[in-house]
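Each remark here refers to the structure printed beneath this line.
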Amino acid sequence: MGTALSFSRPPQAHGSDSAFAEQPGDDESPRVPRRRRWWLLGVAVVLAAVVAFGNYALITGQDDRVDVLVLTREASWGQTIGEGDLGVVKAVPDQPLAVIPVSDKASVVGQVARSILPAGTVLAPGQLSGQPIPGPGERLVGLPVRPGHLPARGLSAGDLVQVTPIAASSGPDVGQPSASTSGPFRARVLGVGPPDSTGAVTVDVVVGADAAHAATSASAGQVVLVQLGPGA
């Protein structure tokens, strides 16, 4: 009898020993765990604290504001302050006496400005005076001034001027001004009236008692006004 031959397949490897085990692809990189950026969180916390403090300071500053008096239009030197010249704003006073509270409005009405005060000025006690103009011993005189006898740019309330009276000549140069026997004197301008048909204006000036007689005489004639600078 012949020998029987068996044609069986060799056993295949299984598990990790298999030559056909799947390998990771070349295009896949290993994953790296993300790191938390704690410094960004710290910066956010600091910014939030700064904003909160700023809001607190703003609210606190608003609570410190008080109602104070302010000028609604310009006031010239010597002008009497009326109720219509005053408005109310909120402000944080740097010093207790640097502003006038709205509760003192009644005492402010009727006072006069001690200097030129622009519109929007927050009033302070030193800017006003209860002394009327003219004051004791002073005189308020209106001087007629012809064109060319005062600065071309005009004069404003509070300007210090030198008043020189002049007289018309009676000789061959009739109509030409000549020096008056009365000497010059100083005065403070209170206001300037509108020009008349000849261009002449009336300038209201305040003089002291020592110049009252000269100012009265000058008001009946012609004068030349020269503006003086500070410290003149």
Original post:
With sequence neighbours left out, what residues match Asp196 under side chain to side chain donor-acceptor pair (under 3.5 Å)?
Top reply: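 Applying side chain to side chain donor-acceptor pair (under 3.5 Å) to Asp196 gives Thr198.
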Taking every non-hydrogen atom, the tightest pair across [X] and [Y]:
| X | Y | answer |
| --- | --- | --- |
| Pro184 | Gln162 | CB-CG, 4.0 Å |
| Ala113 | Ser76 | CB-O, 3.4 Å |
| Ala187 | Val207 | CB-CG1, 3.5 Å |
| Arg146 | Ala200 | CA-CB, 4.2 Å |
| Gly221 | Pro144 | O-CG, 3.5 Å |

Within a strict 4.5 Å, meaning less than it, do heavy atoms of the [X] and [Y] side chains meet?
| X | Y | result |
| --- | --- | --- |
| Phe185 | Pro165 | yes |
| Leu140 | Ile133 | no |
| Ser156 | Val189 | no |
| Leu71 | Leu123 | yes |
| Val163 | Val203 | no |

Using modelled atom types only, decide if a donor and an acceptor are shared between the side chain of [X] and the backbone of [Y] within a distance under 3.5 Å.
| X | Y | result |
| --- | --- | --- |
| Asp85 | Gly82 | yes |
| Ser219 | Thr216 | yes |
| Thr72 | Gly84 | yes |

**OP:** Assess whether side chain to side chain contact (heavy atoms under 4.5 Å, CB included) is satisfied between Val201 and Leu150, documenting all intermediate values.
**Re:** CA-CA 10 Å; Val201 296; Leu150 76 167; 4.3 Å; yes
Indicate, with yes or no, if [Y] and [X] share a hydrophobic cluster defined by side-chain heavy-atom contacts under 4.5 Å among Ile, Leu, Val, Met, Phe, Trp and Tyr.
| X | Y | value |
| --- | --- | --- |
| Ile81 | Leu69 | yes |
| Leu117 | Leu86 | yes |
| Leu155 | Trp77 | no |

Distance in Å, [X] [atom1] paired with [Y] [atom2], rounded so as to fall on 0.5 Å steps:
| X | Y | atom1 | atom2 | result |
| --- | --- | --- | --- | --- |
| Arg114 | Gln131 | CZ | CD | 10.5 Å |
| Leu190 | Glu138 | CG | CD | 10.0 Å |
| Asp204 | Thr202 | CG | OG1 | 7.5 Å |
| Leu225 | His149 | CG | NE2 | 10.0 Å |

Subject >> Co-members of Leu228 in a cluster of I, L, V, M, F, W and Y side chains, linked at under 4.5 Å >> reply: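 Result for Leu228 is Leu160.
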Subject >> Salt-bridge criterion met for Arg188 and Asp159 (N-O under 4.0 Å) >> reply: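 No salt bridge links Arg188 with Asp159.
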